[in-house]
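Scroll down for the structure; my scribbles are underneath it.
Numbered from 1 within each chain, the chains take letters A, B, ... in sequence-line order.
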Amino acid sequence: MVSVKLDKVSKYFGKVKAVDDVTLYIRDGEFVTLLGPSGCGKTTTLLMIAGIYKPTKGRIYFDDIDVTDIPPKDRNVGMVFQSYALYPHMTVYNNIAFPLKLKKLPKNEIDKKVREVAKLLKIDHLLDRKPSQLSGGQQQRVALARALVKEPDVLLLDEPLSNLDALLRVYMRAELKRLQKTLGITAIYVTHDQIEALSMSDRIVVMNNGRIQQTGTPDEIYSKPSNTFVASFIGTPPMNLIPCRVIDGKTLECLGFKYVFKDEIAEKILNEHKEVYFGIRPEDIVITNKDNGDAEATILVVEPIGKDLVITIQLEEEHTIKILAPPSINLKPGDKIYLKFKKEKIHLFDKKTGQRIEYIIKKGEE
Amino acid sequence: MSKKYIDIKKIKKRILLEKIAKALIVLFVAVIPSIPIWLMYLGLIAQAFSSKVTLGIIPNGFTLKNWRFLWSTIQMGLKKYPNIWPITINSLYLALGTALLVTFVAGLAGYALSRMEFRGRTKMMEFILALHAFPSIVLLIALFVLLNKLGLYGRGFITLTGVMITKAALEAPMGAWIMKGFFDNVPWDIEWAALVDGCNRLTAWRKVILPLVLPGFAAVAVFAFLAGWAEFIMAFTFIREDRWWPLSVMIYHVIGEYKFVDWGFLAALSLFYALPTIIFFVFSQKLLLRIYVGGVKG
Ligand SMILES: Nc1ncnc2c1ncn2[C@@H]1O[C@H](COP(=O)(O)OP(=O)(O)O)[C@@H](O)[C@H]1O
Ligand SMILES: [Mg+2]
């Protein structure tokens, strides 16, 4: 097992900057997820780590060894492609045995390893089939078996669950995570599904337009998004961002309401910004009465999503936000409600740069 | 709800009408035009195996006399024809050589056109298609001059080889085009997976890509073989000694040189000549269908 380091890595396709100045350190045995919308450069990053693409700029290290110029076959990585990329002309057995045959291992050893990994992934009854005779879930397991059988130092997974149905996907999440921890393998996982990232990763790397937006544990990414992109990408539904003007250090004039901070430090920092986004997650807004409310709003849509209700409400003009509420609440579109924002869960972002404004709330306020 | 409901009878009637219409179209487009062709083939077979034929296709008296060219030399009037077997070998040499050359060139060129980025790639592909539009007869005079200058005109075996190379050159562009389609159908992911699994580019080609495009190679080889087998005009123009004729040229001479034509002999010889084509189409039908249906199936 190895650690992986990307040092100022860029990949350009002509004028397209698919990956732009990415620096990243992945510890030995860590499960790191590259998370971002489609086309943000996740696959390109993975292919550079595998050695398929050569970086336009920057270096890649496995432990302390510079592997930038080493071909894929000498890197000892295992990769699961989004399409699975099984060899259609080979049986499942030969698909899995392929990497070992190339290593010229003795036949009985190959056989032992193939059967072992097939058993681990519960595909030992499928070894004689061709890939075209398998379901999506089975193909995915074969692809995983083929990646694991050569005992790679790094396991690369490119959206391996995206072609599976919802139920299987949830099951495989836990399964993959368990497998990675038992094998102690360094894993780099690519997905555009934030729930997958939050539930599986030791650390998440959020990417957009080829650049890293934030690196951190799922908790850090969720509770301290470093900019508006991360804030609006993570969460179901994602964070509400309400544009506001800073009136004085204490007061924000937002769409539909005024918000007053009772905190001196916030005041000092806020004075450095003219316009900000007031960020609040749907679950951090409570419905309350007129006297306790920070803002007044009208209900537009009520959607049940199982355990909770997602309520879309209108603050002012066209600006809508979403809140989560327990289903016991009896509300219908058109109703007027009052909202209370949980004070310690308020995020502020500079409107121009989109960057998070770090401020501290003193304990015992209010 | 409105009172509309599905009228099963009406739908059944429509389906029946559609079926009849389809059958009629097939009859007029495919069956009727091919009747004369089938009649001709039947006539050919009848001629080849009977001593006398009435009305073109009704055989009369079974005989193998028409096939005597297989075991003896044929003489007509003063003209003595060369033995059939060396001639057959010439044709085989021409066809197999063409197939081999075309497959080799088309494989490499198709891979390059499909997989490699280089300047002028699109222009080159257009040019290749344009090349294929030239029939070899257009090149005949230029080739004649060329071969003459090189001292290859009328030089027996060497000239036959020259014809083979020229034929291959004419067939290779289309082969490259077909192979490009097959390589296009192999996803990059599969090639990359092979590289990650421990192949270098060459072994990835041999162990993963080649097996997937094998049907393409087979198709190109079959087409090139048949083209080489059918080649006439260049062989006819450039090869002077009858010892080095291919079968097509021999058939021409059997028809052409005498007012008197032995139809039975000609029919048998033609059937003999058509044999490889028939065999290939019987055995490669599935393959050819698969190619037109859409290349490699995963
Ligand atoms: N081989 C290529 N040639 C040109 N552009 C490419 C190539 N591969 C990827 N790109 C571009 O680079 C960007 C990132 O692609 P990719 O890494 O596949 O994104 P993701 O996997 O995050 O969806 C996209 O804009 C894509 O169009
Ligand atoms: Mg991708």
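Heavy-atom neighbours of A/K181 NZ from other residues, nucleotides or ligands within 6.0 Å: above the threshold of 12. More than 12 non-hydrogen atoms from other residues, nucleotides or ligands lie less than 6.0 angstrom from NZ of A/K101. Shown here is B/D7, whose CG atom has more than 12 heavy atoms of other residues, nucleotides or ligands within 6.0 Å. Environment of CG in B/L17: crowded, with over 12 heavy atoms of neighbouring residues, nucleotides or ligands closer than 6.0 Å. Taking a 6.0 Å sphere around NZ of A/K177, one finds it holds more than 12 heavy atoms contributed by other residues, nucleotides or ligands. The neighbour count for B/Y93 OH, taken as heavy atoms of other residues, nucleotides or ligands under 6.0 Å away, is above 12. Counting heavy atoms of neighbouring residues, nucleotides and ligands inside a 6.0 Å radius, atom CG of B/L16 exceeds 12 of them.
Side-chain contact check for B/V196 versus A/K73: every heavy-atom pair is 4.5 Å or farther apart. Side-chain atoms of B/N200 and A/P71, non-hydrogen and from C-beta on, never get closer than 4.5 Å to each other.
Only the backbone of A/L86 has a heavy atom closer than 4.5 Å to any heavy atom of chain B.
Residues B/D197 and A/K150 come closest through the heavy atom pair CA-NZ, 3.8 Å.
In this structure, OH on A/Y84 lies 14.0 Å from CD1 on B/I190, to the nearest 0.5 angstrom. Here CG of B/L195 is found 11.5 Å from CZ of A/R75. Values are rounded to the nearest 0.5 Å. With values rounded to the nearest 0.5 angstrom, A/Q82 atom CD is found 8.0 Å from B/D189 atom CG.
Not one N or O on the side chain of A/Y87 forms a donor-acceptor pair closer than 3.5 Å with the backbone of B/K207.
Using the six-membered ring where Trp is involved, B/W192 and A/F81 have ring planes that are parallel, under 30° apart on the 30 and 60° scheme.
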Evaluation steps, side-chain contact (heavy atoms from CB on, under 4.5 Å), between A/F98 and B/V208: CA-CA 10 Å; A/F98 190 63; B/V208 173; 3.8 Å; yes
